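Each remark here refers to the structure printed beneath this line.
Note that the structure is a prediction, hence the values are computed from the model and not measured.
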Amino acid sequence: FICSYIYIFIRIYLRYIRGGIKMVNKNSPIPLYVQVKENILKEIAAEKFLPDSQLPTEKELMEIYGVGRATIRAALSDLEYEGRIIKRRGIGTFVSPMSRTAGFEPLISLTYFLDRMGIKSDSIIVKNEPCPATEKELNLWADDFWVHHIKRLRYADNLAVAIEDSFFVDKLYNIVKSIDSSSSVAHAILESDIKIDKIQQTIYIREADEHEIKNLPLGNNTSVIELTRWIYEKGDDTPVSFVKFIMPESLIELSLIHI
């Protein structure tokens with residue numbers, strides 16, 4: 001019994017010193033099971049878990065992330081539902097032989113998130129124009145670098161749920177410019193020949209500004225979630241896309257209801 005725990009500790013320690021562990025943030029508004037799921041997906045995308053390779057056991061994952069069994073099972077259940085992993089009774093859990101890029105979709109698609117909860121999504125394009133990357137938030141591009149700006153109001157069951165500002169380099173804009181306004185931009189990118197290699201994402205909660213209060217159903221709670229995301233193509237240090245989502249804080253509460 002003691003030896004088994006020593007074995008688990010050694011495996012966890014080795015994964016830690018090799019940079020394989022991404023601990024969850026228990027103070028984050030993102031549900032714990034989603035954080036665990038995203039970390040596993042990132043490791044699959046980074047080829048730390050190869051197709052057909054075995055994942056750590058539930059007990060090991062509980063130790064790695066410092067969460068309970070229910071959280072681990074919820075994360076694995078979602079991954080299995082999405083076809084990212086395969087459970088073999090009496091043997092273990094294995095990475096499915098799928099393309100590594102497909103694993104990014106749950107991380108970058110609001111449409112995917114809403115569809116998983118059975119909510120019909122739609123959007124209205126309010127801006128579609130080229131612009132120089134002079135805004136402060138576009139600081140990973142040079143000021144004289146031109147990008148294409150698409151601004152959408154996102155709806156779920158006819159209720160506005162997000163303001164989305166997307167900026168694309170020419171190569172990516174040529175892929176997304178012709179899709180239907182209600183379609184998933186993320187899905188179109190992942191289905192293209194562009195190989196997404198890295199995503200830098202930041203999420204924090206702040207007070208809404210006047211524009212956001214006017215366009216989002218905030219009610220008495222004027223807090224919003226701001227998500228910013230840079231996307232990189234494999235082999236290129238220059239980002240191909242920047243996206244900023246502004247969502248009511250209640251959208252995270254909605255996700256907790258559907259755990």
Inset, instruction - Indicate whether the side chain of H149 and that of N128 have a donor and an acceptor atom separated by less than 3.5 Å. - result: no

Inset, instruction - May I ask you to list the residues sharing a hydrophobic cluster with I91, side-chain cutoff 4.5 Å, ordered by chain and number? - result: F94

Inset, instruction - Quick one: list whatever passes side chain to side chain contact (heavy atoms under 4.5 Å, CB included) with E207, sequence neighbours left out. - result: T222, S223

Legend entry - Inter- and intrachain pairs under ring pair (Phe, Tyr, Trp, His ring centres under 6.0 Å), touching residues 212-241, at least two apart: W141-W230, W230-F242

Inset, instruction - Using the test ring-ring contact (aromatic ring centres under 6.0 Å, His included), find all partners of F168 that sit at least two apart in sequence or belong to another chain. - result: none

Inset, instruction - Give a yes or no on this: more than 12 heavy atoms of other residues, nucleotides or ligands lie within 6.0 Å of atom CD of E210. - result: no

Inset, instruction - Applying side chain to side chain donor-acceptor pair (under 3.5 Å), name anything that partners E137, two or more places apart in sequence or on another chain. - result: K244

Legend entry - side chain to side chain contact (heavy atoms under 4.5 Å, CB included) involving I175 - partner list, sequence neighbours excluded: L172, S192, I194

Inset, instruction - List the steps, then state whether salt bridge (charged side-chain N to carboxylate O under 4.0 Å, His left out) holds for K198 with E233. - result: CA-CA 7 Å; K198 183 172 66 174; E233 184 180 9; over 6 Å; no

Inset, instruction - Starting from the C-alpha separation in whole Å, work towards a yes-or-no answer on side-chain contact (heavy atoms from CB on, under 4.5 Å) for L153 and L216. - result: CA-CA 9 Å; L153 291 180; L216 295 175; 5.9 Å; no

Legend entry - Heavy-atom pair with the smallest gap, counting every atom of G66 and K26: O-NZ, 2.7 Å

Inset, instruction - Evaluate salt bridge (charged side-chain N to carboxylate O under 4.0 Å, His left out) for E164 paired with K151, printing each intermediate quantity in order. - result: CA-CA 6 Å; E164 173 191 316; K151 187 183 188 75; over 6 Å; no

Inset, instruction - Apply side-chain contact (heavy atoms from CB on, under 4.5 Å) to L79 and K37, showing your working. - result: CA-CA 7 Å; L79 290 169; K37 172 185 167 184; 3.7 Å; yes

Inset, instruction - Specify the closest pair of heavy atoms between V36 and A75, including all atoms of both residues, with the distance to one decimal. - result: CG1-CB, 3.9 Å

